[in-house]
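Just so you know, these numbers come straight off a predicted model, no measurement behind them.
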Amino acid sequence: MLDLYGTGVESRLLLGTALYPSPAIMADAIRAARCDIVTVSLRRESGSARAGQDFWSFIRDLGLKVLPNTAGCHTVKEAVTTAHMAREIFGTPWVKLEVVTDAETLSPDGVALIEAARILTGEGFEVFPYCTEDLSLAGRLLEAGCRVLMPWGAPIGSARGLNNTYGLRTLRAHFPDVPLIVDAGLGVPSHAAAAMELGFDAVLLNTAVAKAGDPVAMAQAFAGAIEAGRLAFDAVPMEPRDMAAPSTPVLGKAVFE
(Lines give C-alpha, C1' and ligand atoms only; values in the text may rest on other atoms or scores of the structure.)
Protein backbone atom coordinates (compact mmCIF):
# COMPACT_ATOMS: atom_id res chain seq x y z
CA MET A 1 0.00 0.00 0.00
CA LEU A 2 1.37 3.38 -1.04
CA ASP A 3 0.70 6.27 1.35
CA LEU A 4 0.33 9.72 -0.21
CA TYR A 5 -0.48 12.48 2.26
CA GLY A 6 -2.32 9.99 4.45
CA THR A 7 -4.29 8.43 1.59
CA GLY A 8 -3.54 4.78 0.87
CA VAL A 9 -3.57 3.59 -2.74
CA GLU A 10 -3.06 0.08 -4.07
CA SER A 11 -1.83 0.85 -7.58
CA ARG A 12 1.62 2.30 -8.17
CA LEU A 13 0.66 3.55 -11.62
CA LEU A 14 -0.78 7.06 -12.02
CA LEU A 15 -2.23 7.85 -15.43
CA GLY A 16 -2.80 11.13 -17.23
CA THR A 17 -5.98 12.00 -19.13
CA ALA A 18 -4.69 14.07 -22.07
CA LEU A 19 -4.07 13.26 -25.75
CA TYR A 20 -6.24 10.12 -26.06
CA PRO A 21 -8.05 9.51 -29.36
CA SER A 22 -11.41 9.59 -27.55
CA PRO A 23 -12.87 9.69 -24.03
CA ALA A 24 -13.99 6.07 -24.43
CA ILE A 25 -10.46 4.88 -25.22
CA MET A 26 -9.15 6.91 -22.30
CA ALA A 27 -11.61 5.23 -19.94
CA ASP A 28 -10.71 1.77 -21.29
CA ALA A 29 -7.00 2.51 -20.86
CA ILE A 30 -7.51 3.68 -17.28
CA ARG A 31 -9.40 0.49 -16.49
CA ALA A 32 -6.70 -1.62 -18.15
CA ALA A 33 -4.04 0.16 -16.10
CA ARG A 34 -5.87 -0.68 -12.86
CA CYS A 35 -4.83 2.69 -11.47
CA ASP A 36 -6.31 4.48 -8.47
CA ILE A 37 -5.24 8.03 -9.41
CA VAL A 38 -5.64 10.03 -12.62
CA THR A 39 -4.12 13.42 -13.33
CA VAL A 40 -6.06 16.23 -14.98
CA SER A 41 -4.64 19.41 -16.49
CA LEU A 42 -6.53 22.59 -15.69
CA ARG A 43 -5.94 25.74 -17.71
CA ARG A 44 -6.86 29.05 -16.17
CA GLU A 45 -9.17 29.81 -19.07
CA SER A 46 -11.21 26.62 -18.73
CA GLY A 47 -11.42 26.98 -14.98
CA SER A 48 -12.58 30.60 -14.96
CA ALA A 49 -15.03 30.14 -17.83
CA ARG A 50 -16.33 26.84 -16.46
CA ALA A 51 -15.49 25.30 -19.82
CA GLY A 52 -15.04 21.56 -20.15
CA GLN A 53 -17.62 20.68 -17.51
CA ASP A 54 -18.64 17.54 -19.43
CA PHE A 55 -15.05 16.35 -19.28
CA TRP A 56 -14.76 17.07 -15.55
CA SER A 57 -17.97 15.13 -14.96
CA PHE A 58 -16.63 12.26 -17.05
CA ILE A 59 -13.48 12.14 -14.92
CA ARG A 60 -15.47 12.18 -11.69
CA ASP A 61 -17.64 9.32 -12.94
CA LEU A 62 -14.56 7.11 -13.18
CA GLY A 63 -14.64 6.95 -9.37
CA LEU A 64 -10.88 7.48 -8.97
CA LYS A 65 -8.77 9.91 -7.00
CA VAL A 66 -8.08 13.03 -9.06
CA LEU A 67 -4.70 14.77 -9.01
CA PRO A 68 -5.16 18.14 -10.77
CA ASN A 69 -2.01 19.66 -12.23
CA THR A 70 -0.80 23.11 -13.17
CA ALA A 71 0.57 22.11 -16.58
CA GLY A 72 1.64 24.98 -18.81
CA CYS A 73 2.35 27.42 -15.99
CA HIS A 74 5.54 29.49 -16.28
CA THR A 75 5.25 31.71 -13.20
CA VAL A 76 4.48 31.33 -9.53
CA LYS A 77 1.35 33.46 -9.90
CA GLU A 78 0.00 31.30 -12.74
CA ALA A 79 0.62 28.08 -10.82
CA VAL A 80 -0.93 29.32 -7.57
CA THR A 81 -4.00 30.71 -9.35
CA THR A 82 -4.51 27.47 -11.27
CA ALA A 83 -4.16 25.43 -8.09
CA HIS A 84 -6.88 27.51 -6.42
CA MET A 85 -9.29 26.88 -9.28
CA ALA A 86 -8.46 23.17 -9.33
CA ARG A 87 -9.29 22.90 -5.63
CA GLU A 88 -12.61 24.63 -6.23
CA ILE A 89 -13.56 22.45 -9.20
CA PHE A 90 -12.41 19.06 -7.93
CA GLY A 91 -12.79 19.56 -4.20
CA THR A 92 -9.32 18.21 -3.38
CA PRO A 93 -6.28 19.72 -1.66
CA TRP A 94 -4.03 17.65 -3.93
CA VAL A 95 -2.18 19.43 -6.72
CA LYS A 96 0.60 18.32 -9.02
CA LEU A 97 2.68 21.46 -9.15
CA GLU A 98 4.31 22.25 -12.48
CA VAL A 99 6.22 25.47 -13.12
CA VAL A 100 8.35 25.17 -16.25
CA THR A 101 11.11 27.31 -17.70
CA ASP A 102 10.26 27.17 -21.40
CA ALA A 103 7.99 25.49 -23.94
CA GLU A 104 10.80 23.57 -25.66
CA THR A 105 12.22 21.51 -22.77
CA LEU A 106 9.39 21.85 -20.23
CA SER A 107 12.14 21.72 -17.63
CA PRO A 108 11.02 22.46 -14.06
CA ASP A 109 11.89 25.96 -12.83
CA GLY A 110 13.44 25.13 -9.48
CA VAL A 111 13.35 28.63 -7.99
CA ALA A 112 9.71 29.27 -8.91
CA LEU A 113 8.76 25.74 -7.90
CA ILE A 114 10.07 26.21 -4.36
CA GLU A 115 8.28 29.55 -3.96
CA ALA A 116 4.98 28.22 -5.30
CA ALA A 117 5.24 25.10 -3.15
CA ARG A 118 5.82 27.19 -0.02
CA ILE A 119 2.77 29.35 -0.79
CA LEU A 120 0.47 26.42 -1.56
CA THR A 121 1.46 24.24 1.40
CA GLY A 122 0.92 27.28 3.61
CA GLU A 123 -2.62 27.47 2.23
CA GLY A 124 -3.39 23.85 3.01
CA PHE A 125 -2.59 22.25 -0.35
CA GLU A 126 -0.96 18.83 -0.52
CA VAL A 127 1.65 19.42 -3.18
CA PHE A 128 3.14 16.89 -5.60
CA PRO A 129 5.97 18.89 -7.24
CA TYR A 130 7.21 17.95 -10.71
CA CYS A 131 10.96 18.44 -10.33
CA THR A 132 14.36 17.26 -11.50
CA GLU A 133 16.48 14.68 -9.67
CA ASP A 134 18.65 17.44 -8.14
CA LEU A 135 19.25 16.71 -4.44
CA SER A 136 19.38 20.37 -3.41
CA LEU A 137 16.07 21.14 -5.12
CA ALA A 138 14.47 18.06 -3.58
CA GLY A 139 15.61 19.04 -0.10
CA ARG A 140 14.28 22.58 -0.45
CA LEU A 141 10.92 21.33 -1.68
CA LEU A 142 10.66 19.14 1.40
CA GLU A 143 11.58 22.12 3.56
CA ALA A 144 8.79 24.07 1.80
CA GLY A 145 6.27 21.52 3.06
CA CYS A 146 6.07 18.93 0.27
CA ARG A 147 5.77 15.33 1.46
CA VAL A 148 5.94 13.73 -1.98
CA LEU A 149 8.41 14.38 -4.83
CA MET A 150 7.92 13.71 -8.54
CA PRO A 151 11.31 13.76 -10.31
CA TRP A 152 11.35 13.43 -14.07
CA GLY A 153 12.85 10.47 -15.88
CA ALA A 154 13.35 12.60 -18.99
CA PRO A 155 11.63 15.64 -20.55
CA ILE A 156 7.84 15.36 -20.85
CA GLY A 157 6.74 13.40 -23.89
CA SER A 158 10.29 12.51 -24.96
CA ALA A 159 10.00 8.71 -24.42
CA ARG A 160 13.70 8.61 -23.55
CA GLY A 161 13.30 6.66 -20.32
CA LEU A 162 15.59 7.28 -17.35
CA ASN A 163 18.13 9.84 -18.58
CA ASN A 164 20.09 9.98 -15.32
CA THR A 165 19.93 6.63 -13.56
CA TYR A 166 22.78 7.61 -11.23
CA GLY A 167 21.00 10.78 -10.14
CA LEU A 168 17.71 8.97 -9.56
CA ARG A 169 19.42 6.21 -7.59
CA THR A 170 21.17 8.84 -5.46
CA LEU A 171 17.89 10.66 -4.86
CA ARG A 172 16.26 7.44 -3.72
CA ALA A 173 19.12 6.66 -1.35
CA HIS A 174 19.20 10.20 0.05
CA PHE A 175 15.47 10.32 0.84
CA PRO A 176 14.57 6.73 1.74
CA ASP A 177 11.34 7.60 3.56
CA VAL A 178 9.89 10.12 1.09
CA PRO A 179 7.40 8.85 -1.53
CA LEU A 180 9.11 9.34 -4.89
CA ILE A 181 7.14 9.09 -8.13
CA VAL A 182 8.96 9.10 -11.47
CA ASP A 183 7.05 11.52 -13.66
CA ALA A 184 7.58 12.18 -17.37
CA GLY A 185 9.76 10.93 -20.17
CA LEU A 186 9.03 7.20 -20.08
CA GLY A 187 8.22 5.56 -23.38
CA VAL A 188 7.96 1.79 -22.94
CA PRO A 189 7.11 -0.56 -20.06
CA SER A 190 10.75 -1.52 -19.50
CA HIS A 191 11.45 2.11 -18.53
CA ALA A 192 8.81 1.89 -15.82
CA ALA A 193 10.10 -1.46 -14.59
CA ALA A 194 13.61 0.03 -14.32
CA ALA A 195 12.29 2.92 -12.22
CA MET A 196 10.54 0.53 -9.86
CA GLU A 197 13.62 -1.68 -9.60
CA LEU A 198 15.53 1.40 -8.39
CA GLY A 199 13.11 1.59 -5.48
CA PHE A 200 10.80 4.37 -6.63
CA ASP A 201 7.32 4.19 -5.19
CA ALA A 202 5.26 4.80 -8.32
CA VAL A 203 5.28 6.04 -11.91
CA LEU A 204 3.13 8.67 -13.61
CA LEU A 205 2.46 8.26 -17.33
CA ASN A 206 0.46 9.99 -20.00
CA THR A 207 1.91 10.34 -23.49
CA ALA A 208 3.44 6.85 -23.62
CA VAL A 209 -0.02 5.35 -23.21
CA ALA A 210 -2.24 7.95 -24.89
CA LYS A 211 -0.16 8.17 -28.09
CA ALA A 212 0.49 4.43 -28.44
CA GLY A 213 -1.03 2.61 -31.39
CA ASP A 214 -3.20 0.72 -28.90
CA PRO A 215 -3.49 2.79 -25.70
CA VAL A 216 -5.48 0.11 -23.89
CA ALA A 217 -2.92 -2.62 -24.53
CA MET A 218 -0.07 -0.25 -23.62
CA ALA A 219 -1.75 0.69 -20.35
CA GLN A 220 -2.06 -2.98 -19.47
CA ALA A 221 1.60 -3.54 -20.38
CA PHE A 222 2.77 -0.70 -18.15
CA ALA A 223 0.66 -1.99 -15.26
CA GLY A 224 2.35 -5.38 -15.54
CA ALA A 225 5.82 -3.85 -15.82
CA ILE A 226 5.34 -1.70 -12.73
CA GLU A 227 4.11 -4.66 -10.72
CA ALA A 228 7.07 -6.77 -11.89
CA GLY A 229 9.55 -4.00 -11.12
CA ARG A 230 8.22 -3.54 -7.60
CA LEU A 231 8.26 -7.27 -6.93
CA ALA A 232 11.86 -7.40 -8.13
CA PHE A 233 12.87 -4.52 -5.83
CA ASP A 234 11.18 -6.12 -2.83
CA ALA A 235 12.91 -9.42 -3.63
CA VAL A 236 16.35 -7.71 -3.31
CA PRO A 237 18.10 -8.38 -6.64
CA MET A 238 21.62 -9.79 -6.73
CA GLU A 239 24.42 -7.28 -7.23
CA PRO A 240 26.05 -7.14 -10.68
CA ARG A 241 29.65 -8.36 -10.91
CA ASP A 242 32.46 -8.18 -13.45
CA MET A 243 33.37 -11.86 -13.56
CA ALA A 244 31.33 -14.96 -14.24
CA ALA A 245 30.07 -17.05 -11.32
CA PRO A 246 29.08 -20.68 -11.90
CA SER A 247 25.49 -21.53 -11.05
CA THR A 248 26.35 -25.23 -10.84
CA PRO A 249 28.43 -26.15 -7.75
CA VAL A 250 31.81 -27.71 -8.40
CA LEU A 251 31.72 -29.76 -5.20
CA GLY A 252 31.11 -33.38 -6.10
CA LYS A 253 31.99 -32.84 -9.75
CA ALA A 254 33.31 -35.95 -11.46
CA VAL A 255 37.10 -36.02 -11.91
CA PHE A 256 38.49 -37.70 -14.98
CA GLU A 257 42.10 -38.86 -14.85
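The ring-ring contact (aromatic ring centres under 6.0 Å, His included) pairs that include a residue from residues 105-155 are Tyr5-Phe128, His84-Phe125, Trp94-Phe128, where partners are two or more places apart or lie in different chains. Sequence neighbours left out, not one pair with a member in residues 166-218 passes ring-ring contact (aromatic ring centres under 6.0 Å, His included). Listed by first and then second residue, the side chain to side chain donor-acceptor pair (under 3.5 Å) pairs that reach into residues 19-32 are Asp28-Arg31, sequence neighbours excluded. Annotation: side chain to side chain donor-acceptor pair (under 3.5 Å) contacts involving residues 138-149, sequence neighbours excluded, are absent. Residue pairs meeting the salt bridge (charged side-chain N to carboxylate O under 4.0 Å, His left out) criterion with at least one member in residues 106-122: none, sequence neighbours excluded. Pairs of residues two or more places apart, or lying in two chains, that qualify as salt bridge (charged side-chain N to carboxylate O under 4.0 Å, His left out) and include a residue from residues 180-190 are Lys96-Asp183.
Within 6.0 Å of atom NZ in Lys211, 12 or fewer heavy atoms from other residues, nucleotides or ligands are found, so the atom counts as exposed in its surroundings.
Leu180 CG to Leu168 CG: the interatomic distance, rounded to the nearest 0.5 Å, is 9.0 Å. Here the CG atom belonging to Leu162 is positioned 10.0 Å from the CD atom belonging to Glu133, to the nearest 0.5 angstrom. Rounded to the nearest 0.5 angstrom, Ser41 OG and Leu19 CG are separated by 8.5 Å. Expressed to the nearest 0.5 Å, how far CE of Met26 lies from CD1 of Ile30 amounts to 4.5 Å. Rounded to the nearest 0.5 angstrom, Leu62 CG and Lys65 NZ are separated by 15.0 Å.
Within the 4.5 Å cutoff, the side chain of Pro189 has heavy atoms near those of the Met218 side chain.
Contacts of Asp3 classified as side chain to side chain contact (heavy atoms under 4.5 Å, CB included), with partners at least two apart in sequence or in another chain: none. In terms of the side chain to side chain contact (heavy atoms under 4.5 Å, CB included) criterion, residue partners of Pro21 (sequence neighbours excluded) are, by chain and number, Ile25, Pro215. In this view, Ala208 and Phe222 satisfy the side chain to side chain contact (heavy atoms under 4.5 Å, CB included) rule, not counting sequence neighbours. Scored by the side chain to side chain contact (heavy atoms under 4.5 Å, CB included) test, Leu106 finds Val100, Ile156 as partners (sequence neighbours excluded).
Gly161 approaches Ala154 most closely through the heavy-atom pair O-CB, 3.4 Å. Listed here is the closest heavy atom pair of Leu204 and Ile181: N-CG2, 3.9 Å.
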Set out, in order, the CA-CA distance, both residues' side-chain angles and the distance that settles side chain to side chain contact (heavy atoms under 4.5 Å, CB included) for Val40 and Asn69, then state yes or no.
CA-CA 6 Å; Val40 179; Asn69 72 51; over 6 Å; no
For a side chain to side chain contact (heavy atoms under 4.5 Å, CB included) check, start with the C-alpha distance between Leu120 and Leu97, then their side-chain angles and the critical distance, and finish with the verdict.
CA-CA 9 Å; Leu120 291 173; Leu97 179 61; 3.9 Å; yes
Under the criterion side chain to side chain contact (heavy atoms under 4.5 Å, CB included), I'd like the reasoning laid out for Arg172 against Leu198: C-alpha separation, chi angles, the key distance, then a yes or no.
CA-CA 8 Å; Arg172 175 72 285 176; Leu198 287 176; 5.8 Å; no
Would Arg87 and Val95 satisfy side chain to side chain contact (heavy atoms under 4.5 Å, CB included), going step by step from the backbone distance to the final call?
CA-CA 8 Å; Arg87 181 163 62 179; Val95 63; over 6 Å; no
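With Leu141 as reference, Ile114 is the one residue of Ile114, Asp134, Val178 to meet the side chain to side chain contact (heavy atoms under 4.5 Å, CB included) rule.
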Hey, can you pull the donor-acceptor pairs under 3.5 Å for the side chains in residues 223-241, sequence neighbours left out?
unit_1, atom_1, unit_2, atom_2, d
Arg241, NE, Met243, O, 2.9

Under 3.5 Å, side-chain donor or acceptor atoms of residues 6-18 against the rest of the protein: list the pairs with distances, not counting sequence neighbours.
unit_1, atom_1, unit_2, atom_2, d
Ser11, OG, Leu13, N, 3.1
Ser11, OG, Leu13, O, 3.4
Ser11, OG, Arg34, O, 3.3
Arg12, NH1, Asp201, O, 2.9
Thr17, OG1, Thr39, O, 2.8

